[in-house]
Amino acid sequence: MEKRKIILDCDPGHDDAIAIMLAAKSPLIDLLGVTVVAGNQTLDKTVMNTLNVCQHLGIDVPIYKGCGQPMIRDKQIIAPEIHGESGLDGPLFAPLTRRVEPKHAVLYLAETLLQSDGDITVVTTGPMTNLAMAIRLYPEILPKIKEIVLMGGTYQLGNMTPAAEFNIFADADAAHVAFTCGRKITMVGLDVSRKALCLPSVMERMSKIGTSASKLFIEIMTFFNTTQKQVFGWDGGPLHDPITIAFLIDPTVLTVKEMFTQIDIRGEQSYGRTNCDFFHNSGQKPNSFVATDINVAKFWDIIEAGLRAYSP
Ligand code: RIB
Ligand code: CA
């Protein structure tokens, strides 16, 4: 089976780090590059976290620094209450020698897509600023985007406000650009990630693997599970971001439904909401595929296989 070429745009972030791990060693994924955006923490910290994870696990993929604030809104919101002051609290890393590439992430995205055969999937697991900026600066890349798969949004309850999920709320304008760009877009929202809870039984299962990646998984998820319990009361942290990669590895892990999705970029209470027309009563033509269910057992099997792909 041919490898799926992807660029992963992320804001590590505990769950982003697991998404990087899963993508980097999957025999079904060709991870061309990792682009970093501000989100869970400020850009300098999300970049540092990306470099640390890749250096620690020997992931030899180019890393690019992107946008440090939303396209239009004045400031970048961050989530220290979930990810800590560093954005990846928990694990300790050796002194960092890895460096980012000199090119800006937006330029890397545009140039790579433009030079491609139109076979690259862009996966975003943070605010969609880098991708949206690339689309606005270089609209000629649009036909070259095979598909966009994002972690973000919800057609149910938000996690930043009752209406909005963090990645969308952090840069709703960027999400608007992505959902209106005309390319195939699949939304992996809280609706399914809240079913993929890293429960004690999952931690027990992954702790027995004994690879460098499984050890890092336990260190990362121990912190993430604690803050998710404190803030939301979950018995295990919802493993949001890796679901995008699991979906590309095995699309049957998700059930998706075509819907018209519109981003609220003007609201007050509902700013940043992904208004998904679940029952098609808007009369609008569907513009997105929205995940409505997840095969949780299959998801954890994919995670376990991903962690086993690394050396002890
Ligand atoms: O709402 C969850 C999403 O926001 C995840 O991608 C998490 O890493 C944060 O970016
Ligand atoms: Ca993220």
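Numbering of ligands and ligand atoms starts at 1, following listing order. Positions are given from 1, in the same order as the sequence printed here. Only a predicted model underlies this, so the values are computations on that prediction, with no experimental measurement involved.
Under the side chain to side chain contact (heavy atoms under 4.5 Å, CB included) rule, C10 has a single partner from V37, V34, D15, which is V34.
Between R183 and E147 there is no salt bridge, since none of the side-chain N atoms of the basic residue sits less than 4.0 Å from a carboxylate O of the acidic one. A salt bridge does not link R73 with D173: every distance from a Lys NZ or Arg NE/NH1/NH2 to an Asp or Glu carboxylate oxygen is 4.0 Å or more. Salt-bridge annotation for K215 and E219: absent, with no side-chain N of the basic residue lying under 4.0 Å from a carboxylate O of the acidic one. At a threshold of 4.0 Å, the pair K45-E85 counts as salt-bridged, since one of the basic side-chain nitrogens sits closer than that to a carboxylate oxygen.
The single protein non-hydrogen atom nearest to atom 5 (C) of ligand 1 is D15 OD2, 3.2 Å, given as residue, atom name and distance. Taking atom 2 (C) of ligand 1 as the reference point, the nearest protein heavy-atom neighbour is E165 OE2, 3.3 Å. The nearest heavy-atom contact from the protein to atom 6 (O) of ligand 1 is D241 OD1, 2.5 Å.
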Please test H83 against F224 for ring pair (Phe, Tyr, Trp, His ring centres under 6.0 Å), starting from the C-alpha separation and ending with a verdict. CA-CA 7 Å; H83 297 278; F224 189 65; 5.6 Å; yes
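For the pair K184 and F289, the cation-pi criterion (under 6.0 Å, within 45° of the ring axis) is fulfilled.
Under the 3.5 Å distance criterion, with hydrogens and angles disregarded, no donor-acceptor pair is assigned to the side chains of T124 and D9.
Between P286 and H280 the shortest side-chain heavy-atom distance falls below 4.5 Å.
M160 shares a hydrophobic cluster with I77, F166, F169, Y271; the chain of contacts runs through ILVMFWY side chains whose heavy atoms sit under 4.5 Å apart.
The D16 neighbourhood of ligand 1 comprises atoms 8 (O), with distances under 4.0 Å to a heavy atom of that residue. Within ligand 1, counting atoms from 1 as listed, the ones closer than 4.0 Å to a heavy atom of T125 are 6 (O), 10 (O). Shown in contact with H240 at under 4.0 Å from a heavy atom are these atoms of ligand 1, numbered in order with element: 2 (C). For ligand 1, the atoms lying closer than 4.0 Å to a non-hydrogen atom of F166 are 1 (O), 4 (O), 9 (C), 10 (O).
Residue contacts with ligand 1: N167 is placed with a nitrogen or oxygen under 3.5 Å of a nitrogen or oxygen of the ligand (distance criterion only).
Listed by chain and number, the protein N, O or S atoms at a distance under 3.0 Å from the Ca ion (ligand 2) are D11 OD1, D16 OD1, D16 OD2, T125 O, D241 OD2.
Only side-chain heavy atoms of N40 come within less than 4.0 Å of ligand 1; its backbone N, CA, C and O stay farther off.
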